[in-house]
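Some notes on the structure that comes next.
Predicted model, so just to flag it, every value in this text is computed and none were measured. Along the sequence shown, residues are numbered consecutively beginning with 1.
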Amino acid sequence: MAQALRLAERGMYSASPNPRVGCVLVADGRIAGSGWHRRAGEAHAEVHALREAGEAARGATAYVTLEPCSHHGRTPPCADALVAAGVARVVVAVADPNPQVAGAGSEKLRAAGVKVESGLMEAEARELNAGFFARMTRGTPWLRSKTGMSLDGRTALANGVSQWITGEAARRDVQHWRARSCAVLTGIATVLADDPQLNVREIETERQPLRVVLDSRLRTPLNARILQNCESGNVLIYTVLRDAEKIAALEKSGATVCVLPESKGQVDLAAVLRDLAKRGCNEVLVEAGRILNGALLRAGLVDELLLYVAPQLLGEAARGMAKLGELTALDQRVNLKWQDVRQVGNDLRITARVE
């Protein structure tokens with residue numbers, strides 16, 4: 001199962017909106033075939049493993065990181081393929097949260113006389129597909145907020161200067177998080193101040209994430225770098241403003257503009273996440289300033305913080321990472337749970353879950 005999980009990781013940048021899945025077939029104590037799901041619309045992990053195993057699949061045990069599918073999607077059901085190949089036993093890491101499967105795959109296998117076991121390395125399998133599980137069970141993506149900051153929690157000087165607090169190694173590391181994400185989200189303030197591209201650079205990937213801007217009043221400049229060389233459908237702007245002229249100009253530049261309900265004069269953040277889930281987004285990476293970060297945290301929408309901490313002190317006049325407002329009691333604080341701490345170049349990378 002550990003090997004199947006390592007295979008599944010190969011789909012880290014390419015499998016979305018499908019889950020990352022690996023499969024290993026074992027016959028007579030030896031690996032007969034293995035496979036992983038490369039991209040949506042192509043063969044699933046089980047099919048690749050069965051093709052490699054051939055006749056050796058008959059009587060074999062299949063180790064699969066996610067319950068085999070039981071329904072016809074863009075490809076036939078994997079449960080049927082396993083039965084047809086004569087696989088005798090299937091060990092599943094975790095049940096599929098997709099309502100179209102949700103136990104039906106395992107039941108189909110059992111009905112055909114295949115022995116099914118579940119729960120081996122379940123925590124690791126869930127972690128690998130945290131975004132897929134979030135989208136399927138609650139209707140919103142896994143939201144990961146990335147921030148580069150000083151040791152005293154400052155992300156920019158008082159005058160807005162922030163390039164560069166963290167080092168080159170940290171900035172390169174961020175590219176991997178962008179590549180695994182279905183979307184990279186920012187606010188209009190960041191677009192106007194930093195003019196970011198928000199695309200994946202320096203590492204190999206066949207898929208660029210959707211680039212998302214929250215722009216309530218449609219202030220995105222037509223010459224913004226995020227719109228340059230923009231493939232149709234790769235930039236999505238959320239707004240509350242129904243200005244046909246501005247919308248037409250932005251869409252002529254290649255962006256898609258989506259008008260959503262407003263909340264206190266701004267785009268409703270929960271509505272944004274629900275819409276991104278409907279568009280097939282499993283993981284969303286937020287790269288924004290303190291206002292949007294604070295709003296997302298206050299709304300309870302952030303799942304995980306990705307913090308790059310530089311060995312610097314910028315002082316109390318510099319800008320903080322999240323505008324949370326004044327807390328008057330400790331029970332108003334945002335509690336975190338450490339997930340991982342490691343050094344990246346001269347900086348620390350901290351991942352922490354919001355409890």
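In this structure the side chain of Val257 reaches within 4.5 angstrom of the side chain of Leu218, judged on heavy atoms. Between Val114 and Leu82, every side-chain heavy-atom pair lies at or beyond the 4.5 Å cut-off. Annotation: side chain of Glu107 is in contact with side chain of Arg110 (closest heavy-atom distance under 4.5 Å). No side-chain heavy atom of Asn129 sits under 4.5 Å from any side-chain heavy atom of Val94. Two residues are said to be in side-chain contact when any heavy atoms from C-beta on lie closer than 4.5 Å; Leu236 and Cys258 meet this criterion. Taking the side chain as every heavy atom from C-beta outward, Leu66 and Pro97 approach each other to under 4.5 Å. Put simply, the side chain of Pro68 reaches to within 4.5 Å of the side chain of Leu109, judged on heavy atoms.
Arg274 places no side-chain N or O within donor-acceptor distance of the main-chain N or O of Gly139, the cut-off being under 3.5 Å. With Gln332 contributing its side chain and Ala329 its backbone, the two residues share a donor-acceptor pair below 3.5 Å. Side chain of Ser14 to backbone of Arg38: a donor-acceptor contact under 3.5 angstrom is found. Side-chain atoms of Gln228 come within 3.5 Å of backbone atoms of Ala224 as a donor-acceptor pair (strictly under, hydrogens ignored). No donor-acceptor pair under 3.5 Å is formed between the side chain of Asp340 and the backbone N or O of Thr351. Checked by atom type and distance alone, the side chain of Arg211 never pairs as donor or acceptor with a backbone atom of Leu198 at under 3.5 Å. A donor-acceptor pair under 3.5 Å is formed between the side chain of Arg207 and the backbone N or O of Ala179. Between the side chain of Asp194 and the backbone N or O of Pro196 there is no donor-acceptor pair closer than 3.5 Å. A donor-acceptor pair is defined here as one N or O able to donate and one able to accept, closer than 3.5 Å; no such pair exists between the side chain of Ser216 and the backbone of Val240. Although no hydrogens or angles enter the test, the distance criterion places a donor-acceptor pair under 3.5 Å between the side chain of Glu67 and the main chain of Gly105.
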Problem set entry | Criterion side chain to side chain contact (heavy atoms under 4.5 Å, CB included) on Asp268 and Leu260, from CA distance to verdict | CA-CA 7 Å; Asp268 186 297; Leu260 287 180; 5.7 Å; no
Exercise. Between Arg171 and Glu168, does a salt bridge (Lys or Arg N to Asp or Glu O under 4.0 Å) hold up when you go through it step by step?
Worked result: CA-CA 5 Å; Arg171 297 196 296 275; Glu168 185 177 342; 5.2 Å; no
For this session: Give the C-alpha distance, both sets of side-chain angles, the deciding distance and a yes or no for side chain to side chain contact (heavy atoms under 4.5 Å, CB included) between Val284 and Thr140.
Result: CA-CA 10 Å; Val284 174; Thr140 57; over 6 Å; no
Exercise. What do the steps show when you test Met149 against Ile165 for side chain to side chain contact (heavy atoms under 4.5 Å, CB included), and what is the final call?
Worked result: CA-CA 6 Å; Met149 65 186 193; Ile165 293 175; 5.6 Å; no
For this session: Mind running side chain to side chain contact (heavy atoms under 4.5 Å, CB included) on Cys23 and Glu46 for me, showing each step along the way?
Result: CA-CA 6 Å; Cys23 177; Glu46 298 93 324; 4.2 Å; yes
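Side-chain heavy atoms closer than 4.5 Å link hydrophobic residues (I, L, V, M, F, W, Y) into clusters, and following such links, even through other members, never connects Val344 to Met321. Hydrophobic clustering, with ILVMFWY side chains joined whenever heavy atoms are under 4.5 angstrom apart, groups Val235 together with Ile247. The hydrophobic clustering, which links ILVMFWY residues whose side-chain heavy atoms are closer than 4.5 Å, places Trp164 and Leu348 apart. Transitive grouping of hydrophobic side chains (ILVMFWY, heavy atoms separated by less than 4.5 Å) brings Val213 and Leu222 into a common cluster. Under the 4.5 Å side-chain heavy-atom criterion for grouping Ile, Leu, Val, Met, Phe, Trp and Tyr, Leu327 is not connected to Ile291 through any hydrophobic cluster.
Within the model, atoms CD1 of Ile237 and NZ of Lys246 stand 11.5 Å from one another, a figure rounded to the nearest 0.5 Å. The line from CZ of Arg201 to CZ of Arg172 is 11.5 Å long, rounded to the nearest 0.5 Å. Taking OG1 from Thr220 and CG from Leu192, the interatomic distance works out to 7.0 Å, rounded to the nearest 0.5 Å. Interatomic distance, Thr239 OG1 to Gln266 CD, rounded to the nearest 0.5 Å: 10.0 Å. Between the CG atom in Asp96 and the SG atom in Cys69 there is a gap of 8.0 Å [rounded to 0.5 Å]. To the nearest 0.5 Å, atom CZ of residue Arg6 and atom CD of residue Glu9 are 8.5 Å apart.
Taking Ile, Leu, Val, Met, Phe, Trp and Tyr as hydrophobic and joining them when side-chain heavy atoms fall under 4.5 Å apart, one finds Ile31 in a cluster with Met1, Leu5, Leu7, Met12, Tyr13, Val24, Val26, Trp36, Tyr63, Val91, Leu120, Met121, Leu128, Val200, Ile203.
Shortest non-hydrogen contact noted between Val87 and Arg89 is CG1-O, 3.3 Å. Contact record, Gly280 with Cys182: O-SG, 4.2 Å, taken as the closest heavy-atom pair. The two atoms that bring Val191 and Thr186 nearest to each other are CG2-CG2, 3.9 Å, heavy atoms only. Here the closest heavy-atom approach between residue Pro209 and residue Ser181 is recorded as CB-O, 3.5 Å. When all heavy atoms are compared, the tightest approach of Gly22 to Ala8 is N-CB, 3.3 Å. Residues Pro311 and Asp347 come closest through the heavy atom pair CD-OD1, 3.5 Å.
Heavy atoms from other residues, nucleotides or ligands lying under 6.0 Å from CG of Asp152 number more than 12. Glu355 CD: more than 12 foreign heavy atoms inside a 6.0 Å radius. Around atom CD of Glu55, no more than 12 heavy atoms belonging to other residues, nucleotides or ligands sit under 6.0 Å away. No more than 12 heavy atoms of other residues, nucleotides or ligands shown are found within 6.0 angstrom of CD on Glu245. Applying the 6.0 Å contact sphere to CD of Glu117 captures more than 12 heavy atoms from other residues, nucleotides or ligands.
Between Asn199 and Arg178, the side chains place no donor N or O within less than 3.5 Å of an acceptor N or O (distance only, hydrogens not considered). Arg135 and Asn282 share a donor-acceptor pair across their side chains, judged by distance under 3.5 Å alone.
Qualifying salt bridge (Lys or Arg N to Asp or Glu O under 4.0 Å) partners for Arg126, counting only residues two or more places apart in sequence or in other chains: Glu122.
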Enumerate donor-acceptor pairs with a distance under 3.5 Å from any side-chain N or O in residues 294-310 to protein atoms, sequence neighbours excluded.
unit_1, atom_1, unit_2, atom_2, d
Arg298, NH1, Lys323, O, 2.4
Asp303, OD1, Arg138, NH1, 3.0
Asp303, OD1, Arg138, NH2, 3.2
Asp303, OD2, Arg138, NH2, 2.5
Asp303, OD2, Leu143, N, 2.8
Glu304, OE1, Arg144, NE, 2.5
Glu304, OE1, Arg144, NH2, 3.3
Glu304, OE2, Arg353, NE, 2.5
Glu304, OE2, Arg353, NH2, 3.0
Tyr308, OH, Asp173, OD2, 2.5
Tyr308, OH, Trp177, NE1, 3.4

